[in-house]
Amino acid sequence: MFRRVYLDNSATTPVDQEVVGAMLPFLTEKFGNASSIHFFGQEARAAVERARHQVAEIINARPTEIVFTSGGTEANNLAIRGLVEANEKYGKHIITSQIEHSAVKEVCQDLEKRGCEVTYLPVYEDGIVRIEDIKNAIREDTILISIMTANNEIGTIQPVEEIGKLVRAEKAGGKKIWFHTDAVQAIGKTEIDVEEIGCDMLSMSAHKLYAPKGVGALYVRRGVRLHAQNIGGRQERERRGGTESVPHIVAMGKACELAKNNLNETNERLKNLRDKFEQTIGENISDFEFNGDREKRLPHISNLSFRFVEGESLLINLDLQGVAVSTGSACSSGSLEPSPVIRALGKNDEMARGAIRFSFGKDNTAEDVEYVLEVLPKAIENLRKLSPIYSNKVLC
Ligand SMILES: *Cc1c(COP(=O)(O)O)cnc(C)c1O
């Protein structure tokens, strides 16, 4: 019997049945435009505002501070570009980390071409930025710090509360500086409270949280000025023009409500699955390393590098046996680039190329993990047999 095990929940998650149930009427009879004045419009508006409440609640924000977007990528674009454009008179320096998602990294790189200066902070072997480094990087003209809440490849949690404190202290001293955090991977996996973090903006995405792709949100603290990136409509308090996708927004609201209610229970279960997985690997496979700090990390991600194994080959080998995982490698101009996140941990090319991310989700069972633990050691052994370096090691 062919089994399929999905261990790529950091890439996307299956849509929850309850979420589907909540959004369906808004694809059929409740089809109104939330900006229309008549009954159909009001029905849609009420649904959007209910969802805004649900989204605000999972991060302890006010509903008016939530701007719906098409996803995490757009939320990051709106946060960074929007803030820089609205506040460039105060400075053009941005501080970020070397392990941000491409939706932060590439926006920063693009802004560099437009006259901004960006400091990309190191994360050391544990995959965590140092507050001291941030302090030292702040300049007269620094207007934005964008550091993710938790990393999507290795799961490491960044000291966002300390960064928030630092930024608040700078503000109290009269400095114009803002703090954005990409929390796409962290929402629903750990308690997120924008008051505790003290951030000005926070990005979210629905499809990492058992809702459909194509919807997300940006939290924008009251009083923070942003230059809209989507112009041509007055929706979302003129921060994001375009007719709201009511079914998607309703789905995101429902997903946030469910995630909030089940946070501890789900994550305890995921963590147990993950820890069992890691422990068994430790007992059965040699020559591997964990990537990133094992304490300060999200409960659902395990990132490992197997020596003498190409991550991409292992991914394909596992896929043939029904197991879906991912590598952080990106195909660029025909060759496989090792993951910049793993490289930022100071690992060499071989270890970076051998990195594999297993990301667990609420639908995974103990049997799923058992199956993976059955096929993974064999897959690695087979690949190592093909590796000339590994054969040498065995002979020597
Ligand atoms: C998935 C992801 C994004 C992008 O979100 P989309 O909704 O897919 O555009 C951004 N940041 C992180 C950390 C992510 O994991």
Side-chain angles (χ1 to χ4, degrees), residues 6-15 19 55 58-59 66-82 96-110 120 123 127-129 146-158 160 180-190 192 197 199 201-219 229-230 240 242 245 248-249 251-253 255-256 259 270 291-292 296-303 324-330 339-342 344 355 357-361:
Y6 185 76
L7 287 186
D8 202 11
N9 289 275
S10 287
T12 197
T13 53
V15 182
V19 169
V55 172
I58 199 174
I59 57 169
I66 302 298
V67 178
F68 285 112
T69 65
S70 64
T73 300
E74 190 193 326
N76 285 340
N77 270 266
L78 175 58
I80 299 170
R81 272 181 210 285
T96 186
S97 82
Q98 290 175 359
I99 59 164
E100 296 298 313
H101 188 273
S102 50
V104 165
K105 184 169 76 180
E106 288 178 26
V107 172
C108 287
Q109 288 168 343
D110 186 62
Y120 299 89
V123 296
I128 297 173
V129 295
S146 180
I147 304 279
M148 67 201 324
T149 311
N151 182 265
N152 46 295
E153 280 182 45
I154 54 178
T156 50
I157 298 172
Q158 304 301 322
V160 283
H180 164 251
T181 186
D182 174 349
V184 168
Q185 205 61 235
I187 303 271
K189 304 300 183 308
T190 174
I192 298 289
I197 297 175
C199 54
M201 298 177 284
L202 179 143
S203 302
M204 309 169 72
S205 174
H207 76 94
K208 310 276 172 81
L209 205 61
Y210 311 100
K213 293 148 198 67
V215 60
L218 180 66
Y219 156 79
Q229 301 297 300
N230 249 39
R240 202 272 187 179
S245 177
H248 281 97
I249 289 172
M252 181 171 185
C256 285
L270 292 186
N291 291 316
K296 294 194 189 87
R297 66 171 166 163
L298 298 176
H300 70 302
I301 296 181
S302 186
N303 192 307
V325 297
S326 81
T327 69
S329 318
S339 155
V341 174
I342 310 298
R357 177 185 69 189
F358 301 86
S359 52
F360 299 81

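Numbers here simply count residues along the sequence, with the first being 1. Counting starts at 1 for both ligands and their atoms, following the listed order.
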Item to check | Listed partners of Phe360 passing ring pair (Phe, Tyr, Trp, His ring centres under 6.0 Å), at least two apart | outcome: Phe277

Item to check | atom 14 (C) of ligand 1: nearest protein contact (heavy atom, Å) | outcome: Lys208 NZ, 2.9 Å

Item to check | N or O pair under 3.5 Å between Ser10 and ligand 1 | outcome: no

Checklist outcome for this item: Distance col, row Gln185:CD vs Met204:CE, nearest 0.5 angstrom, shows 13.0 Å

Checklist outcome for this item: Closest non-hydrogen atoms of Thr149 and Ala183, given as atom of the first, atom of the second and distance, are OG1-CB, 3.3 Å

Checklist outcome for this item: min-distance protein heavy atom vs atom 3 (C) of ligand 1 -> His101 NE2, 3.4 Å

Next on the checklist: Measuring only between side-chain heavy atoms, which start at C-beta, is Asn291 closer than 4.5 Å to Arg357?
Outcome noted: no

Checklist entry - Tell me, which protein residue and heavy-atom name are nearest atom 7 (O) of ligand 1, and how many Å apart are they? => result Ser205 OG, 2.7 Å

Item to check | Non-neighbouring partners of Glu100 that pass salt bridge (Lys or Arg N to Asp or Glu O under 4.0 Å), sequence neighbours left out | outcome: none

Checklist entry - Of the options Val123, Ile128, Val341, Leu298, which is the one that meets Thr156 in a side chain to side chain contact (heavy atoms under 4.5 Å, CB included)? => result Ile128

Next on the checklist: Using a 4.0 Å heavy-atom cut-off, which part of Lys213 comes near ligand 1: side chain, backbone, both, or neither?
Outcome noted: neither

Checklist entry - Counting only heavy atoms not in Lys213, do more than 12 sit closer than 6.0 Å to its NZ atom? => result yes

Item to check | Closest protein heavy atom (residue, atom, distance) for atom 9 (O) of ligand 1 | outcome: Thr73 OG1, 2.6 Å

Item to check | Atom indices of ligand 1, in the order listed, that fall short of 4.0 Å to a heavy atom of Gly71 | outcome: 7 (O)

Checklist outcome for this item: Note: ligand 1 atoms sitting under 4.0 Å from heavy atoms of His207 are 6 (P), 7 (O), 8 (O)

Checklist entry - Nearest to atom 13 (C) of ligand 1, what protein heavy atom do you find, and at what distance? => result Asp182 OD2, 3.4 Å

Checklist outcome for this item: Counting from 1 in the order shown, the ligand 1 atoms closer than 4.0 Å to a non-hydrogen atom of Gly72 are 5 (O), 6 (P), 7 (O), 9 (O)

